[in-house]
Number of protein chains: 2
Amino acid sequence: MGKTLREKGKGTVKLRHAGLRPTRQRVELAGLLFKSCDRHVTAESLHDEVTGAGVKVSLATVYNTLHQFTEAGLLRQVIVDAARSYFDTNTGDHQHFFLESEGMLIDIPGETIAVAGVPAPPPGLSIDRVDVVVRVRRT
Amino acid sequence: MGKTLREKGKGTVKLRHAGLRPTRQRVELAGLLFKSCDRHVTAESLHDEVTGAGVKVSLATVYNTLHQFTEAGLLRQVIVDAARSYFDTNTGDHQHFFLESEGMLIDIPGETIAVAGVPAPPPGLSIDRVDVVVRVRRT
DNA sequence: TCACAGTTTAGAATCATTCTAATCCCGTTG
DNA sequence: CAACGGGATTAGAATGATTCTAAACTGTGA
Ligand SMILES: [Mn+2]
Ligand SMILES: [Mn+2]
Ligand SMILES: [Zn+2]
Ligand SMILES: [Zn+2]
């Protein structure tokens, strides 16, 4: 049957757990982002999607939300294109194929690629993360 | 003992060989870029540098030139920061450390890092290049 | 020296992203 | 349940890197 009165949905719980007030906008965006696994969105694509679903959310809020989710560890930012930022619902260790002509990102599971021989960083610096981007083109 | 009349300098030769007319601006910029090896510049940093050297070159020309040099294979573009584009005088196979807080790129020679296990791209796509960015932070 | 295609450039335009400051609303209190 | 307070949303302006436009300039071959 339907939701009981006390049910708030997984999205709400997830947001609360992340220390974010579950507003109508955040719940809607989280619903779209985390319904299916492993999504890669831009602010604009997510705004188009939520708007297309008949929900009114400003682009500024989409930007705010993407950054807050990232800060909270729910998303991670992927830098592959000089023109726009991508946000990834897969926060685990993994890499990407990137098809620049279509702005498409495809996950490569973390265990798949092995990076060996990374030298020690210069004194005073420590490694934050190692990103691998496999740039592909239409054949 | 100075240059003879027929001497035009290496920069000019390099530009001609790349099919680019050796204008005053291009010769100046090429001089700064290729005097020492392995430089990483942004349009703004290069503009500041050429301006600081007392040479008048517009920012638009710096952008034009960086793209033309890249097109000609004299530079390669490096995408590591959502905020700005870097251009690299090292066009060979190599990877980078990137210190985001200071916008600093450091080369890692191509033979140093080995990337294994890159899966075959999805049908219809072929690999263009594999970029590795080792993101570092101040300790 | 001439002519012209390629170049340069000032300034406007673009575009993603951020900022402002006014309004709104979630969660708590009484 | 109504009031309250601070976080959240948002329209619109602002920012900043980059690109574009159109007019002036210049390298080069004849
Ligand atoms: Mn759109
Ligand atoms: Mn500057
Ligand atoms: Zn991913
Ligand atoms: Zn480099």
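Every chain is numbered from 1, with letters handed out A, B, ... down the list of sequences. The analysis underlying the following values was restricted to heavy atoms, covering all of them including side chains, and did not include hydrogens, waters or symmetry mates.
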Novice: Does R16(B) put a side-chain nitrogen or oxygen below 4.0 Å from OP1 or OP2 of dT28(D)?
Specialist: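 For dT28(D), OP1/OP2 do have a side-chain N/O of R16(B) under 4.0 Å.
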
Novice: Over how many whole Å does the gap from L66(A) atom CG to dA8(D) atom C1' extend?
Specialist: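 Computing the L66(A):CG to dA8(D):C1' distance gives 15 Å.
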
Novice: If you define the side chain from C-beta out and look only at heavy atoms, does anything of V132(B) sit under 4.5 Å from V130(A)?
Specialist: yes

Novice: Taking only side-chain nitrogens and oxygens of T42(A), does any of them come within less than 4.0 Å of OP1 or OP2 of dA16(C)?
Specialist: no

Novice: Please report, rounded to the nearest Å, how far the P atom of dT8(C) is from the CZ atom of R24(B).
Specialist: 9 Å

Novice: Using whole Å, what does the distance between atom C1' of nucleotide dT23(C) and atom NZ of K56(A) come to?
Specialist: 14 Å

Novice: Can you tell me if H67(B) touches the phosphate of dT19(D), counting only side-chain N or O atoms and a distance under 4.0 Å to OP1 or OP2?
Specialist: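 Affirmative; the distance criterion is met.
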
Novice: Expressed as a whole number of angstroms, how long is the span from L20(B):CG to dT28(D):C1'?
Specialist: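 In whole Å, dT28(D) C1' and L20(B) CG are 15 Å from each other.
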
Novice: Check the distance between dG7(D)'s P and Q68(A)'s CD and give it to me in whole angstrom.
Specialist: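 About 13 Å, once rounded to whole Å.
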
Novice: Reckon T23(A) has a side-chain N or O less than 4.0 Å from the OP1 or OP2 of dT9(D)?
Specialist: yes

Novice: When all nucleic acid strands are considered with a 4.0 Å heavy-atom cut-off, which category describes A83(B): base, sugar-phosphate, or nothing?
Specialist: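 Sugar-phosphate contact only - A83(B) comes under 4.0 Å of backbone atoms but never of a base.
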
Novice: Should R84(A) be listed as having a side-chain N or O under 4.0 Å from OP1 or OP2 of dT17(C)?
Specialist: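 False: R84(A) side-chain N/O out of range (4.0 Å or more) of dT17(C) OP1/OP2.
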
Novice: What's the CZ-C1' distance between R21(B) and dT7(C), to the nearest Å?
Specialist: 7 Å

Novice: Is there a donor-acceptor pair under 3.5 Å between the side chain of T61(A) and the backbone N or O of V57(A)?
Specialist: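 Here the side-chain-to-backbone pair does not exist.
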
Novice: Does dT18(C) have OP1 or OP2 under 4.0 Å away from a side-chain N or O of Y63(A)?
Specialist: no

Novice: In whole angstroms, how far is the P atom of dG7(D) from the CD atom of E71(A)?
Specialist: 16 Å

Novice: Please pick, from dT18(D), dT8(C), dA8(D), the nucleotide with the shortest atom-to-atom distance to any side-chain atom of R26(B).
Specialist: dT8(C)

Novice: According to the interplanar angle, ranging from 0 to 90°, do the rings of Y63(A) and H67(A) count as parallel (below 30°), tilted (30 to 60°) or perpendicular (above 60°)?
Specialist: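 Y63(A) and H67(A): tilted rings.
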
Novice: Starting at CG of N64(B) and ending at C1' of dT18(D), how long is that distance when rounded to a whole Å?
Specialist: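 My rounded result for the distance is 11 Å.
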
Novice: So, is T61(A) close to the dA8(D) phosphate, meaning a side-chain N or O under 4.0 Å from OP1 or OP2?
Specialist: no

Novice: Just N and O in the side chain of Q25(B): are any of them under 4.0 Å from OP1 or OP2 of dT9(C)?
Specialist: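 Answer yes for this pair, as a side-chain N or O of Q25(B) is under 4.0 Å from OP1 or OP2.
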
Novice: Could you tell me whether the side chain of H96(A) reaches within less than 4.5 Å of the side chain of V78(A), counting heavy atoms only?
Specialist: yes

Novice: Among T89(A), N90(A), D88(A), which one satisfies side-chain hydrogen bond (donor to acceptor under 3.5 Å, both in side chains) with H40(A)?
Specialist: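 Of the listed residues T89(A), N90(A), D88(A), the side-chain hydrogen bond (donor to acceptor under 3.5 Å, both in side chains) partner of H40(A) is D88(A).
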
